[in-house]
Amino acid sequence: MGRYVIKRVLLVIPTLLGAAALVFVLMRLIPGDVCVVRLGSSGGTFDPKAVALCHAELGMDRPILVQFLDFVWGFLRLDFGTSMWSGAPVTSEIWARLPISLEIAILATVIAIAIAIPLGAISAIKQNTWIDFVVRVFAVGGIATPSFWLGIMSLILVLNISSATTGRPWLPPIDYVPLWQDPIRNLSMVLLPAITVGYRYSAVTMRLTRSAMLEVMREDYIRTARAKGLLEQIIINRHALKNALLPVVTLIGIEFAFLIGGLVITEQVFNLNGIGRLLVQAVQNQDNVLAQALVMLIVAVFVFTNLVVDVLYAWLDPRIRYS
């Protein structure tokens with residue numbers, strides 16, 4: 001087990017370095033110049049000397065290799081530098097937006113698990129019945145529905161229902177209040193986007209849960225137990241449940257990592273000032289420093305989540321670490 005964990009941890013280093021190099025190169029392939037955007041934001045003309053001075057101020061006139069090494073060294077020290085657009089520390093920009101994105105991601109993951117695992121298990125047990133058919137249609141609908149359309153439709157639905165019942169249209173607030181300060185206002189803001197995202201991600205988990213359960217139920221010892229009338233006792237057996245839920249645990253971990261950076265469209269639809277919207281603004285403003293930090297933050301969450309899932313997988317199933 002120890003060798004397996006060390007091997008997985010060591011693989012994190014080249015993964016993060018490769019991701020950093022890719023992000024650094026891609027950000028500089030995007031057309032545009034933050035200094036031109038800043039100096040020309042008022043609509044007037046600007047002096048090329050002012051652009052050159054801005055480049056020197058932001059360190060953009062240094063060799064590319066030096067900029068990359070400075071970026072990697074800062075990332076290792078958790079020092080992401082200063083925003084090219086606002087001049088504020090990138091860390092403060094991220095911390096100001098992270099709580100709402102993190103809360104929605106956690107809540108959406110809980111909602112996805114609460115929907116997917118029970119329905120997926122019931123669908124497997126009731127295979128080829130009307131219950132199975134309804135659950136599969138529900139899952140396919142979640143996979144096929146675009147997130148922006150689902151978000152817009154949910155807002156319209158809430159707007160129409162509130163207008164019809166109270167006579168006054170209601171929409172979720174857009175100013176973030178922490179859960180411990182005002183739970184009702186906080187949940188009224190994050191619950192609708194969390195349900196929207198949670199439903200979409202539950203669809204994939206639901207289908208995987210169903211497939212995993214069916215695979216376990218086709219094992220020889222399950223069929224033998226069915227023949228002897230002991231199916232119920234065997235299904236609740238720890239080994240059977242573990243085998244059925246292992247792939248689901250992996251997918252849930254990956255989905256949570258994706259949720260941290262995958263809320264771009266959802267935050268745009270619900271007008272939320274989270275990490276996803278901040279990333280869009282950074283790219284629009286050609287703020288390479290902020291955009292690089294946000295992308296690497298998402299990559300780091302994804303990589304370390306996968307590391308935890310891999311170790312958990314190997315702990316639950318010893319065959320994995322010996323393969």
Side-chain angles (χ1 to χ4, degrees), residues 104-158 160-161 164-165 187 190-259 262-263 265-266 269 309 312-313 316-317:
I104 293 175
I106 293 174
L107 189 57
T109 303
V110 172
I111 291 172
I113 294 172
I115 295 174
I117 293 181
L119 290 183
I122 292 172
S123 179
I125 295 172
K126 301 293 184 180
Q127 185 184 13
N128 297 328
T129 64
W130 69 268
I131 297 177
D132 182 27
F133 176 76
V134 170
V135 172
R136 288 162 66 185
V137 170
F138 182 73
V140 171
I143 296 173
T145 306
S147 58
F148 70 89
W149 184 88
L150 193 60
I152 293 172
M153 289 299 103
S154 63
L155 285 174
I156 293 175
L157 180 64
V158 169
N160 290 336
I161 292 176
T165 54
L187 291 176
V190 303
L191 193 58
L192 194 58
I195 292 174
T196 303
V197 176
Y199 167 55
R200 277 188 51 81
Y201 277 88
S202 71
V204 179
T205 310
M206 198 184 309
R207 291 174 63 88
L208 181 60
T209 303
R210 178 182 182 274
S211 300
M213 284 290 294
L214 287 175
E215 183 178 352
V216 172
M217 292 172 67
R218 293 191 186 106
E219 294 287 343
D220 291 339
Y221 65 90
I222 295 292
R223 289 185 294 180
T224 302
R226 181 185 290 114
K228 294 182 178 181
L230 299 176
L231 179 60
E232 291 79 9
Q233 288 82 354
I234 296 297
I235 286 296
I236 63 173
N237 181 271
R238 179 175 179 271
H239 179 69
L241 287 177
K242 180 182 69 176
N243 285 347
L245 293 178
L246 271 176
V248 180
V249 171
T250 304
L251 182 63
I252 289 171
I254 294 173
E255 284 183 351
F256 177 74
F258 271 123
L259 274 173
L263 294 173
I265 297 177
T266 302
V269 170
V309 170
L312 180 62
Y313 210 140
L316 293 173
D317 190 349

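As a basis for the values below, the full set of heavy atoms in this structure was taken, side chains included, without hydrogen atoms, waters or symmetry mates.
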Backbone of L119 reached by a side-chain donor or acceptor of S123 within 3.5 Å: no
Beyond-backbone contact of I113 with T205, side-chain heavy atoms, under 4.5 angstrom: no
Heavy-atom closest pair, residues A112 and Y201: CB-C, 4.3 Å
Separation of N160 CG from T165 OG1 (nearest 0.5 Å): 10.5 Å
Under 3.5 Å donor-acceptor, S154 side chain and G151 backbone: yes
Pairwise distance CE(M206) to OG1(T209) - rounded to 0.5 angstrom: 8.5 Å
Considering all heavy atoms, the nearest F138-Y199 contact: O-OH, 3.0 Å
Pairs touching residues 141-155 that satisfy salt bridge (Lys or Arg N to Asp or Glu O under 4.0 Å), sequence neighbours left out: none
Euclidean distance, I195 CD1 relative to I115 CD1, rounded to 0.5 Å: 8.0 Å
R207 vs V140 side-chain heavy atoms within contact, under 4.5 Å: yes
Full working for side-chain contact (heavy atoms from CB on, under 4.5 Å) between L192 and V158: CA-CA 9 Å; L192 194 58; V158 169; 3.9 Å; yes
Within residues 129-155 or reaching into it, pairs that qualify as salt bridge (Lys or Arg N to Asp or Glu O under 4.0 Å) - sequence neighbours excluded: D132-R136, D132-R210
Side chain proximity check, T196 to T266, heavy atoms < 4.5 angstrom: no
Straight-line distance of I131 CD1 to I125 CD1, nearest 0.5 Å: 10.0 Å
CD1 on I104 to OG1 on T109, rounded to 0.5 Å: 11.5 Å
